Amino acid sequence: MSVPALAVDPFDEDFLSDPAAHHAALRDAGPVVWLEPIECYAMARHAEVSKALGDHGTYCSGRGVGLADFSREAPWRPPSLLLEADPPLHDRTRGLMNKVVSLKALQEVRPLWSARAHELVDCLLEKRRFDAVTELGEAYPMLVFPDTVGVPSEGRDCLLTYAAAVFNAFGPRNAIFEQGEAAAAHAVGWVANACRRESLADGSWGASIHDKAVDYDLSEAEAERLVRSLLSAGVDTTVNGIGIMMLAFASFPEQWARLRAEPKLARRALDESLRWDSTVQTFFRTTTRAVDVDGATIPEGSKVVLFLAAANRDPRRWESPEQFDLTRATSGHVGFGHGIHQCLGQMVARLEAELVLEALIPRVAEIRLAGEPVRRLNNTLHALASLPVEILPA
Ligand code: EJD
């Protein structure tokens, strides 16, 4: 059986402006398709995406998780020791990071992060109208995460610039990628400096990575690169995760009412929001052998793009997938990935979302859109530039 070919470029402006509008065509064309414009295989159904993510032996990460094949072209930055690594290296670095970003570490930061959420919500309630992306989605993670990682205060805006470049770089060298790369030159230097032990606050997560490095047989340079992973992955993801969650509640007011009636649902809100509209839209793997997918063969050494967002709305897997529903069983969603690379920071992201909601729930009766949401195009993230909202006090 042959693989259906589509003339779809999932990184062009038309696609990135409204990815969900294109996902059904990708899913319906077959379990695996060939995308001619980017010369790459693609999977968009939940079953195949989940299976590929779970099979890291066949679908490896060490040749990059973007379109670029690191065995053919030099990566734009030294590869991540976590994201762009396979076992056994991956398991060693992941082992260290799991000790740093642990349940205990999260319990320790919770009181401070909760206080910050309440302070921020106090300000927003006074304004009533605000931008839920810049003034909440960006503001909240930037109030808690950089301090916890322990980076210098000066120049922290570089973190946002850097992350946008990291996620653009997983796509092709299109205009969006190149724009990000130019803007990121300064941020790359700032981040490299921030990752050094001398730059990191004592007792911070960043310092803790350095402290543990010897035990995991990692050099100081490798420890710096693991701190870089926190800074790469921990900002733009939660910024847009919170932003899109606010869009979800503004778009489904009955779900806000439902949450207020049962505040315990706050802990599940981010997962359903990610299922409904996944911040991380796509990830690539590279095949280590010829692999049969439902009768079609993908050759060895092929790049395969996995549409996490399409899998999370696959009607073959989800009932009423377009509906944001807090009471839905979200288990199996791939918004945090699946398998050995499944998001290291998922508990951080859930905690941030939960604390923001906890602060809002008792005090906000309604969240209303106060203008059109504005997209920010990125080759990997479903990102928002702006989300004007009005909140009505309880
Ligand atoms: C990421 C999708 C790194 C790194 C790790 C993870 C991500 C980005 C960068 C978060 C991908 O290790 O540098 S969500």
Side-chain angles (χ1 to χ4, degrees), residues 49 53 56 59 61-68 70 75-86 89-98 100-101 141 145 149 151 158-171 177 180 184 187-188 190-192 194-195 205-206 209 218 221-244 270-271 273-275 277-285 305-309 311-312 333-350 352-353 378-383:
V49 167
L53 289 170
H56 59 269
Y59 298 91
S61 293
R63 287 165 72 170
V65 297
L67 181 60
F70 292 177
W76 76 284
R77 61 173 194 162
S80 164
L81 301 170
L82 281 164
L83 181 76
E84 294 154 337
D86 297 308
L89 170 63
H90 167 271
D91 298 352
R92 195 150 47 88
T93 52
R94 178 73 185 228
L96 183 154
M97 296 298 271
N98 283 341
V100 174
V101 186
F145 190 71
V149 178
V151 300
C158 283
L159 290 171
L160 293 164
T161 315
Y162 185 74
V166 165
F167 287 100
N168 276 331
F170 295 124
F177 177 116
V188 167
W190 188 92
V191 165
C195 293
W205 290 2
I209 291 174
L218 294 165
E222 289 170 323
E224 288 175 6
R225 223 191 288 182
L226 288 177
V227 179
R228 194 193 68 177
S229 287
L230 289 184
L231 300 180
S232 303
V235 179
D236 221 1
T237 49
T238 53
V239 164
N240 288 291
I242 294 170
I244 290 174
L270 183 66
D271 284 273
S273 176
L274 291 177
R275 188 212 57 79
D277 187 356
S278 308
T279 314
V280 178
Q281 292 275 305
T282 46
F283 256 111
F284 293 74
R285 294 290 190 260
V305 57
L306 307 173
F307 285 85
L308 311 183
N312 280 334
H333 84 78
V334 290
F336 285 127
H338 173 65
I340 65 167
H341 290 279
Q342 193 181 45
C343 183
L344 164 73
Q346 59 185 286
M347 293 193 303
V348 179
R350 277 195 201 100
E352 288 184 16
N378 181 282
N379 280 338
T380 301
L381 302 175
H382 203 196

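Just so you know, these numbers come straight off a predicted model, no measurement behind them. These numbers come from the heavy atoms of this one structure, side chains and all, not from hydrogens, waters or symmetry mates. Just follow the structure's listing: the first ligand is 1, and inside any ligand the first atom is 1.
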Would you mind listing each N/O atom of ligand 1 next to any protein N/O under 3.5 Å, plus the distance?
from: ligand 1; atom 1: 12 (O); to: Ser80; atom 2: OG; distance (Å): 2.5
from: ligand 1; atom 1: 12 (O); to: Ser229; atom 2: OG; distance (Å): 2.5
from: ligand 1; atom 1: 13 (O); to: Arg77; atom 2: NH2; distance (Å): 2.8

Intermediate values then yes/no, side-chain contact (heavy atoms from CB on, under 4.5 Å), Val305 and Leu67: CA-CA 8 Å; Val305 57; Leu67 181 60; over 6 Å; no
Mutual orientation of the aromatic rings belonging to Phe170 and Phe167 [parallel < 30°, tilted 30-60°, perpendicular > 60°]: perpendicular
Parallel, tilted or perpendicular, as decided by the 30° and 60° cut-offs, for the rings of Trp76 and Tyr162: tilted
Heavy-atom donor-acceptor pair, Asn240 side chain to Gly243 backbone, under 3.5 Å: no
Under 3.5 Å donor-acceptor, Asn378 side chain and Ala164 backbone: yes
Residues forming a ring-ring contact (aromatic ring centres under 6.0 Å, His included) with His382, sequence neighbours excluded: none
